[in-house]
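Notes to accompany the following structure.
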There are 2 protein chains.
Amino acid sequence: MKDWQALAAQLRVDSIRCTTEAGSGHPTSCMSAADLMAVLLTKYLRYDWANPRHPNNDRLIFSKGHACPLLYSMFKAAGVITDAELLSLRKFGSRLQGHPNPRVMPYVDVATGSLGQGLPIGVGMALNGKYLDKLPYRTWVLLGDSEMAEGSIWEAFDKASYYKLGQLISILDMNRLGQRGETDLGWNSAVYAARARAFGWHAIELDGHDLGAIDSAYGEALAPKDQPTCLIARTEKGHGVSSVANKEHWHGKVFNPEQAKAAIAELGGERSLIIQTSKPEALEPAVTSAARPLTLPVYEVGGKEATRKAYGDALVAVGANRPEVVALDSEVSNSTFAEEFKNAFPDRFFEMFIAEQQLVTAAVGLSALGKRVFASTFAAFFTRAYDQVRMAAVSNAAIHLVGSHCGVSIGADGPSQMGLEDLAMMRGVCGSTVLYPCDPNQTARLVHEMVDLPGISYLRTTREKTPVIYAPGEPFPVGGSRLVRHSDRDQVAVIAAGITVHEALKAYEVLKSEGITVRVIDAYSVKPIDRETLHGAARDTLGKLVVVEDHWFEGGLGDAVLDAFADTRVDGIRVIKLAVRDMPGSGTPAQLMDAAGIDADHLMQAVKSLL
Amino acid sequence: MKDWQALAAQLRVDSIRCTTEAGSGHPTSCMSAADLMAVLLTKYLRYDWANPRHPNNDRLIFSKGHACPLLYSMFKAAGVITDAELLSLRKFGSRLQGHPNPRVMPYVDVATGSLGQGLPIGVGMALNGKYLDKLPYRTWVLLGDSEMAEGSIWEAFDKASYYKLGQLISILDMNRLGQRGETDLGWNSAVYAARARAFGWHAIELDGHDLGAIDSAYGEALAPKDQPTCLIARTEKGHGVSSVANKEHWHGKVFNPEQAKAAIAELGGERSLIIQTSKPEALEPAVTSAARPLTLPVYEVGGKEATRKAYGDALVAVGANRPEVVALDSEVSNSTFAEEFKNAFPDRFFEMFIAEQQLVTAAVGLSALGKRVFASTFAAFFTRAYDQVRMAAVSNAAIHLVGSHCGVSIGADGPSQMGLEDLAMMRGVCGSTVLYPCDPNQTARLVHEMVDLPGISYLRTTREKTPVIYAPGEPFPVGGSRLVRHSDRDQVAVIAAGITVHEALKAYEVLKSEGITVRVIDAYSVKPIDRETLHGAARDTLGKLVVVEDHWFEGGLGDAVLDAFADTRVDGIRVIKLAVRDMPGSGTPAQLMDAAGIDADHLMQAVKSLL
């Protein structure tokens with residue numbers, strides 16, 4: 001226990017030293033959790049530092065990401081970063097960013113810093129251990145008390161007990177003080193415990209600075225059970241330094257050099273203890289079913305099928321071919337057609353119920369451990385998890401999101417169910433890929449393309465059945481487009497994607513009968529967009545382009561097309577953007593597309609206005 | 001009680017009739033709650049149908065918005081819509097959309113249909129009653145059991161008890177069945193009750209088809225207390241019709257005409273009961289403090305101040321002038337500077353803690369009852385509530401969102417804290433206004449402009465102190481821009497906003513010394529953008545434009561500028577977009593702006609490349 005004390009003091013001292021050196025950071029938020037982490041690192045964590053990707057390593061997530069100086073101090077105590085590197089905290093180019101980031105730091109699995117996301121990600125990691133890899137590793141999550149106000153935390157509490165994640169242990173650092181004052185529950189440990197228990201968890205209240213109590217609590221947490229465990233540790237922010245302990249106005253504030261000197265002295269000075277962490281048992285993930293050859297579904301040209309149905313069909317095919325493919329859905333699998341995968345591979349499907357934040361974060365947790373995860377819901381409802389998508393991009397997670405029921409063409413359900421901002425939202429994610437097929441064979445190919453894409457990839461599917469226009473097996477590379485109709489005397493080029501491709505084809509026929517030839521471009525790859533084909537169209541039509549999309553005017557395909565002309569001189573270009581500008585109501589798909597001005601009739605008018 | 005039975009049967013019959021007529025909808029989700037609503041409408045709801053805006057009306061929100069045929073059937077039973085209108089459900093142009101929408105239906109206060117939002121909005125309405133208007137109206141919220149999996153519900157449970165909202169009553173229609181099967185808790189009423197109690201609510205378990213039990217439960221809910229109440233009503237989906245009651249695969253499915261006929265017969269046939277609802281007491285909202293003359297803060301040209309600080313200062317001024325202004329913040333009021341308003345008007349400030357979804361929905365609830373609400377957090381964290389912002393736009397709510405700490409220029413905290421997609425996100429909201437000031441005097445004017453804006457308005461503020469470049473009192477109309485530097489021989493126009501205006505000014509000086517004259521446009525109104533000024537710049541510079549922004553490449557100011565040239569022929573235009581393309585790390589603001597290529601040096605290179 002003396003060693004623990006010394007290590008805890010070292011972690012506090014190092015958290016102070018590096019934040020003072022950086023001139024910013026959250027030392028007092030580290031100090032409250034130092035005892036909890038000292039015992040964890042010394043006795044309980046099983047981690048092979050030489051192999052951070054070891055499949056049976058315990059996982060440790062700082063859901064309160066702003067306490068990462070403590071995490072980095074643990075890395076120093078584990079001997080994997082030097083003291084000099086510790087002092088590079090928050091400097092440009094350092095691996096020690098202001099919040100943990102796996103892009104640069106191999107001992108960090110996922111980025112945190114937006115509160116309330118670490119535990120939900122941990123649920124994904126624990127799902128992987130229990131149901132997929134079948135390994136005994138534990139997922140430890142350090143929670144702040146401020147973030148207990150985030151709904152995403154309670155989505156995670158709910159799912160963790162539903163899935164009986166006994167190897168998931170959260171450690172609530174209940175230091176009472178948030179950024180600007182007391183949290184809504186303060187030190188009301190009993191209320192946290194009651195909430196955790198009501199959500200099906202085993203809860204343990206303890207003094208988070210009593211090393212013996214911490215030891216007992218971890219021991220109790222590890223007793224085999226079908227419940228996740230939450231330690232509710234009463235702590236003091238800034239504990240160990242009398243001038244700041246349990247004081248307001250010390251959030252996100254560093255000690256000045258003089259204050260740091262006094263604090264370090266009070267903590268017994270600098271130390272350089274190195275801890276030998278236990279290694280995990282040398283176990284490998286459970287053997288999965290063998291990969292079968294890829295047999296994508298085929299749809300007869302001239303028939304009709306919804307792209308959302310093709311998504312379900314294709315996911316089954318890709319799942320047979322790639323045993324690491326996992327699917328998640330938020331209680332709408334019979335609408336998104338993820339249920340086909342569920343029926344084919346029930347062991348690799350997880351129902352997330354109506355909890356879209358958990359949907360995306362579980363995908364992040366699973367993907368961090370090597371799974372290829374497809375997560376589906378209505379396109380509109382991914383807006384519920386935009387922060388989680390954003391943070392997944394910070395993590396550099398490879399996740400595959402599939403949004404159905406896009407646009408006004410869903411019809412009678414009305415605007416609350418219409419995904420009309422999803423292209424804008426997903427384009428605005430660093431390194432994302434955004435795909436929007438118009439045909440089931442194309443959808444199947446794109447689902448297969450997606451599985452190996454890095455970063456955030458998004459597929460937009462349509463509710464209505466639409467004509468099959470492409471033969472099975474035609475290639476649709478990411479970044480490409482398709483000239484659906486073209487000639488060497490095209491007067492105007494129409495750029496469409498998804499359902500509007502079919503409107504464009506209707507317009508093409510009518511215009512052709514009137515002696516007007518238009519080029520029809522299927523821009524199924526919205527990001528990256530096919531600049532070359534668009535530039536060619538602008539050249540050939542002397543700059544006459546019409547873009548038509550079932551999406552708001554801002555941020556969607558129209559903006560992607562205009563972006564393709566940024567930084568290029570184009571003479572006389574004129575782009576007409578047809579998109580949804582006013583709030584739709586209920587009606588038939590045809591009525592709503594007409595009202596929005598994105599159907600064949602409006603397209604023809606736009607084309608003629610350019611002649 | 002016999003009347004209640006008859007009314008409940010009528011509500012079921014009418015829900016069946018209108019959905020069968022529409023050919024889509026959720027009749028069985030209506031039937032489970034019909035008994036609960038029959039008793040409410042007949043005995044408990046106090047509502048002046050002739051005056052839906054009566055300040056003391058009870059409020060009724062269908063959080064399970066897909067059950068709106070039941071709500072519309074209640075409107076018919078109240079005598080405010082005809083049977084013929086009822087049968088227009090989901091038709092194009094009907095006021096009876098597929099989900100409730102206040103844009104068209106005066107008896108609906110807020111749009112629902114994205115689950116888990118009705119209760120959080122109800123929290124806002126109940127806050128208004130208890131703390132602002134000080135009126136005894138009650139806020140009733142009908143909850144579905146599937147939506148209890150949404151974290152946003154638990155944010156609302158937490159805030160409702162924290163604020164002791166005794167006049168808030170939620171009615172959980174626990175019909176066990178979600179869209180594709182059983183909910184995660186099924187009929188486990190005790191677990192729902194334990195969760196509600198752990199979150200500080202009074203919980204009552206009951207049989208939701210026992211009219212006497214329903215009556216007692218409402219009575220108990222209305223007993224004066226400092227706690228909100230949750231009725232947990234065990235119900236059957238499709239109750240009353242034996243062929244569908246408690247059966248799977250009947251979600252979102254209508255009776256065909258023959259099935260409808262049989263079901264209506266089983267329910268005793270069609271009825272046309274008209275209910276006299278109790279009217280509210282004729283009370284008026286509490287008298288607020290008198291409006292004081294507007295005195296916006298002033299900042300000396302040549303000094304330095306952060307626009308986020310100016311937001312706080314201006315909000316105090318606007319709050320003094322407009323007693324209906326209310327402010328909310330998510331535990332970062334000392335960073336957003338909303339704390340200045342809190343200090344000046346503690347009675348009109350509500351701390352939402354770290355619960356951004358609740359932040360936005362509380363604003364929607366307050367605004368539905370006439371308040372002018374400013375809600376602030378870090379720009380990055382509004383991504384957590386994008387669905388709520390989207391739905392607020394469906395509601396046509398006027399809310400004012402203020403995001404601080406935008407862009408890479410925040411520095412050392414790293415990418416998790418950087419708002420880099422907020423312009424894209426907020427532009428992609430129907431009818432939104434997006435403002436991005438670069439100077440504190442400009443900020444103050446824009447905050448004042450915002451207060452009367454309809455729809456969703458968003459103000460983006462900057463962490464760093466920046467130079468004061470505009471004199472106090474200069475006008476900055478929405479939709480305008482400012483020529484900061486211009487001459488009649490400008491070779492290139494630089495379009496900037498926020499912090500990049502200052503980079504543009506640095507570039508201007510250097511380029512001028514090299515004999516290159518550039519126009520500098522401050523595009524503080526990102527949406528609507530000032531097309532006229534941009535077109536003028538394109539004409540004057542022969543199409544040479546550079547846009548520079550501290551935001552991702554997609555969806556932000558650059559796309560707004562390109563959009564300004566959609567549908568216009570412009571010869572030889574060339575727009576260079578400088579924006580953030582790769583994931584930033586930690587560092588100083590200057591290092592990160594350099595790395596992103598959006599500082600003065602990169603700007604100068606871009607300008608020169610156009611010459």
Side-chain angles (χ1 to χ4, degrees), chain A residues 24 90 92 97-99 111 113-115 146-147 149-152 154-155 162 178-180 184 194-195 198 331-334 353-355 357 383-384 386-387 390 394 412-417 421 424 427-428 430 552 554-555 559 562 566-567 569 571-572 574-577 583 585-587 591, chain B residues 24 90 92 97-99 111 113-115 146-147 149-152 154-155 162 178-180 184 194-195 198 331-334 353-355 357 383-384 386-387 390 394 412-417 421 424 427-428 430 552 554-555 559 562 566-567 569 571-572 574-577 583 585-587 591:
Chain A
S24 67
R90 288 173 165 251
F92 187 73
Q97 293 189 356
H99 291 78
S114 180
L115 289 171
S146 281
E147 66 182 318
E150 287 281 14
S152 54
W154 298 101
E155 294 184 11
Y162 180 83
Q179 171 172 326
R180 48 79 271 151
D184 58 350
R195 292 184 184 184
E331 232 283 44
V332 289
S333 58
N334 54 344
F353 298 94
I354 305 188
Q357 300 182 87
T383 55
R384 199 63 158 261
Y386 193 27
D387 196 19
R390 176 183 81 87
V394 177
D413 277 323
S416 64
Q417 315 296 302
E421 52 289 297
R427 284 180 69 236
C430 187
W552 294 130
E554 294 83 6
D559 281 10
L562 286 165
D567 204 8
R569 183 187 171 96
D571 281 306
R574 183 163 167 205
V575 180
I576 293 183
K577 279 178 60 171
M583 187 60 69
S586 289
Q591 286 169 327
Chain B
S24 67
R90 287 174 166 251
F92 187 73
Q97 294 190 355
H99 291 79
S114 180
L115 290 171
S146 281
E147 66 182 319
E150 287 283 14
S152 54
W154 299 101
E155 294 183 10
Y162 180 83
Q179 171 172 329
R180 45 82 271 147
D184 58 350
R195 292 184 184 183
E331 232 283 41
V332 289
S333 58
N334 54 343
F353 298 94
I354 304 188
Q357 299 183 87
T383 55
R384 198 62 157 262
Y386 193 28
D387 195 18
R390 176 183 80 87
V394 177
D413 276 322
S416 64
Q417 315 297 302
E421 53 288 298
R427 283 181 68 237
C430 187
W552 294 129
E554 293 85 6
D559 281 9
L562 286 165
D567 204 10
R569 184 185 171 97
D571 280 307
R574 186 165 164 200
V575 180
I576 294 182
K577 278 179 59 171
M583 187 60 70
S586 288
Q591 285 169 327

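The basis for the numbers below is simple: all heavy atoms, side chains too, and nothing from hydrogens, waters or symmetry mates. To find a chain, count down the sequence lines: A is the first, B the second, and so on, and within it residues start at 1.
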If we define contacts as heavy-atom pairs under 4.5 Å, which of A:Ala149, A:Gly178, A:Ser146, A:Gly585 has the most with chain B?
A:Ala149

Within the side chain of B:Arg427, is there an N or O that forms a donor-acceptor pair under 3.5 Å with the backbone of A:Ala424?
no

Engaged part of B:Arg195 at the chain A interface, taking heavy atoms whose separation is under 4.5 Å:
both

Heavy-atom pairs under 4.5 Å with chain B - which of A:Pro415, A:Ala198, A:Gly555 has more of them than the others?
A:Ala198

What part of B:Ala566 gets closer than 4.5 Å to chain A, counting heavy atoms only: side chain, backbone, both or neither?
both

Assign the ring pair A:Phe353 / A:Tyr162 to parallel, tilted or perpendicular, where the plane angle (0 to 90°) is split at 30° and 60°.
perpendicular

Can you tell me which of A:Gln417, A:Glu155, A:Glu331, A:Glu554 forms the most heavy-atom pairs within a distance under 4.5 Å of chain B?
A:Glu331

Pick from B:Gln179, B:Arg384, B:Gln97 with the largest number of heavy-atom pairs that fall under 4.5 Å of chain A
B:Arg384

Starting at OH of B:Tyr386, measure out to OH of A:Tyr386 and round the result to the nearest 0.5 Å.
7.0 Å

Who passes salt bridge (charged side-chain N to carboxylate O under 4.0 Å, His left out) against B:Glu147, sequence neighbours left out?
none

A:Gln357, part contacting chain B, at a heavy-atom distance under 4.5 Å:
side chain

Side chain, backbone, both or neither: which part of A:Ala111 has a non-hydrogen atom closer than 4.5 Å to chain B?
neither

Tell me, for A:Arg390 versus chain B, whether the close heavy atoms (under 4.5 Å) come from the side chain, the backbone, both or neither.
side chain

Mind ranking B:Ile576, B:Val332, B:Leu115, B:Asp559 by heavy-atom pairs under 4.5 Å with chain A and telling me who comes out on top?
B:Asp559

Counting only heavy atoms closer than 4.5 Å, note whether B:Ser24 contacts chain A via side chain, backbone, both or neither.
side chain

Answer key: most heavy-atom pairs under 4.5 Å with chain A among B:Gly428, B:Gly414, B:Ala194 is B:Gly428

With chain B, which of A:Val394, A:Asn334, A:Asp413 has the greatest number of heavy-atom pairs at distances under 4.5 Å?
A:Asp413

The interface call for B:Gln591 against chain A, heavy-atom contacts under 4.5 Å, is both

Given B:Ala355, B:Gly98, B:Ser416, B:Gly587, the one with more heavy-atom pairs under 4.5 angstrom with chain A than any other is B:Ser416

Out of curiosity, A:Ser333 OG to B:Arg180 CZ, how far, rounded to the nearest 0.5 Å?
6.0 Å

Who are the salt bridge (charged side-chain N to carboxylate O under 4.0 Å, His left out) partners of A:Arg574, not counting sequence neighbours?
B:Asp567

Between B:Gly113 and B:His99 the two heavy atoms that sit nearest each other are CA-CD2, 3.4 Å

